[in-house]
Amino acid sequence: MTIAIDHTGRNALVTGAGAGIGREIARWLARAGAAVAVNDLLSGRAEAVVAEIIDEGGRAVALPADCRDDEAVDALVDATVDQLGGLDLAVNNVGMLPPGRRPRPFVEYGGDDWRDIVEQNLVQAALCGRAEAAVMAGAGGGSILFVTSGETTRPAAYNAAYAAAKAAVNHLVTTMAVELGPEEIRVNAIAPGTTLTETVAAAFTEERMAALVAATPLRRMVEHDELARLAVFLCSDLARCITGQFLLADAGAFLSRSRPANNEGLTVSLKGAHAR
Ligand SMILES: NC(=O)c1ccc[n+]([C@@H]2O[C@H](COP(=O)([O-])OP(=O)(O)OC[C@H]3O[C@@H](n4cnc5c(N)ncnc54)[C@H](O)[C@@H]3O)[C@@H](O)[C@H]2O)c1
C-alpha cells in the first residue's frame, strides 16, 4: 500500500512565500496538487515563485501585500478566494526581524524594537489568522498553519523580542484551535530549528553555524524542503486529528541545550534527588 498526500482541489495561501522556507512550502503544496496564492512583501519575489510553480505544472497566483497591514491582509484573503475559488489551507510563514532591527542584549531593546518585532512576528500572524478563519468558517473549515521557531522552546539570548513574539504565536495556536475547532478549522504550528535561508546565511558567521551544527544531535541544520513536507502533512487529512499543536522540527537542537550532560552550571547539587 502506498500512502500519498493529495491536495488536489484545495486552495492554499502562503505568506512570505517569495523566499526561504515559505517559497519551499508554496512549491511543495503545489506539487501535492493545491492551487497556491503566493504572498510576499516584494512583488518580484512572489511572481518569480509563481513562475517556478507554473513551470513545474502547478497552479499559482502572485498576491503581494504587507501582512502587517490590517486592510492589506483582508484584501489578500479576499483576493485569494476570488482568484483561486476558495481558501482551504493557509500557511502563515512571515516572520524574522524587520529591516533595520537586529539581535541585541535585552537591556538595549528600545520600545520601537519591541513594537516592530512583535508586529512582524505576532500581530501580522494574528491578522492573517483572523481573516483566514473568517473565510474558512463560512465554507466548511480548513487548516491554518503558523511558522514559529525553535527559539520558543528555550531561552533565546540576544533575541528576546523575536522569541517572545514567536512563543506568543504558539500560544495563539492553542486558543484559535479551541475557538475554531467547532467550525472544523484546525490550527497548528511548525517550529523550525536553524535553516540556512539567505537571511540566516547573511546573519551568521561560519563559526557560529559550525558551533550550531556541533551542538545539534543530528549534526546538521534543517533543510527547507523538510519543513515544507511537514507543512504539506499537517495541512492534510493524514493529520486531521491534530489541532492546537506546535511541532518542533530542529534536528534535535532543543534536546542538547535543554539537558546538560553534567552538573556544570547548576547551583544546586542533584545528589540524592531520587532518594526523596
Ligand atoms: N531560517 C531559519 O533558520 C528559521 C528558524 C526558525 C524560524 N524561522 C521562521 O520561518 C519563517 C521564514 O523564515 P525564512 O528564513 O525563510 O525568511 P526569509 O527572510 O528567507 O523569507 C521571508 C520572506 O517573507 C517576506 N516578508 C517579510 N516581511 C513580510 C511582510 N510583512 N509581509 C509579507 N511578506 C513579508 C520577505 O520579503 C521574504 O521573501 C519566519 O517566520 C521565521 O521566523 C526561520
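Atoms within each ligand, like the ligands themselves, are counted from 1 in listed order. None of the values given here were measured: they were computed from a predicted structure.
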- request: Consider only side-chain heavy atoms of I, L, V, M, F, W and Y, link residues closer than 4.5 Å, and tell whether L29 and L227 are in one cluster.
  value: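 Cluster IDs for L29 and L227 match.
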
message: Main chain of F254, side chain of D250: is a donor-acceptor contact present, judged purely on distance under 3.5 Å?
response: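 Between the backbone of F254 and the side chain of D250 there is a qualifying donor-acceptor contact (under 3.5 Å).
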
- request: Sorted by first residue and then second, give each ring-ring contact (aromatic ring centres under 6.0 Å, His included) pair with at least one member in residues 112-137; sequence neighbours left out.
  value: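 Residue pairs with at least one partner in residues 112-137: Y109-W114.
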
- line: Residues C235 and S143: closest non-hydrogen pair is CA-OG, 3.6 Å

Does ligand 1 have any N/O atom under 3.5 Å from a protein N/O, and what are those pairs and their distances?
residue, atom, partner, partner atom, Å
ligand 1, 1 (N), T195, O, 3.2
ligand 1, 1 (N), T197, OG1, 3.4
ligand 1, 3 (O), T195, N, 2.7
ligand 1, 3 (O), T195, O, 3.2
ligand 1, 15 (O), T197, OG1, 2.8
ligand 1, 16 (O), I21, N, 2.8
ligand 1, 19 (O), T199, OG1, 2.6
ligand 1, 20 (O), T199, OG1, 3.3
ligand 1, 28 (N), Q120, NE2, 3.0
ligand 1, 31 (N), D66, OD1, 3.0
ligand 1, 31 (N), Q120, OE1, 3.4
ligand 1, 32 (N), C67, N, 3.0
ligand 1, 34 (N), L41, N, 3.0
ligand 1, 37 (O), D40, OD1, 2.7
ligand 1, 37 (O), R45, NH1, 3.4
ligand 1, 39 (O), D40, OD1, 3.4
ligand 1, 39 (O), D40, OD2, 2.6
ligand 1, 39 (O), R45, NH1, 2.8
ligand 1, 41 (O), N93, O, 2.7
ligand 1, 41 (O), V94, O, 3.4
ligand 1, 41 (O), G95, N, 3.4
ligand 1, 41 (O), K166, NZ, 2.7
ligand 1, 43 (O), M96, N, 3.2
ligand 1, 43 (O), Y162, OH, 2.6
ligand 1, 43 (O), K166, NZ, 3.2

Show every donor-acceptor pair shorter than 3.5 Å between a side-chain atom in residues 72-90 and any protein atom, with sequence neighbours excluded, or say none if there are none.
residue, atom, partner, partner atom, Å
T80, OG1, L76, O, 2.8
D88, OD2, N11, N, 2.7

- request: Could you tell me which residues satisfy side chain to side chain contact (heavy atoms under 4.5 Å, CB included) with D225, sequence neighbours excluded, listed by chain and number?
  value: E24, W28, E223, R229

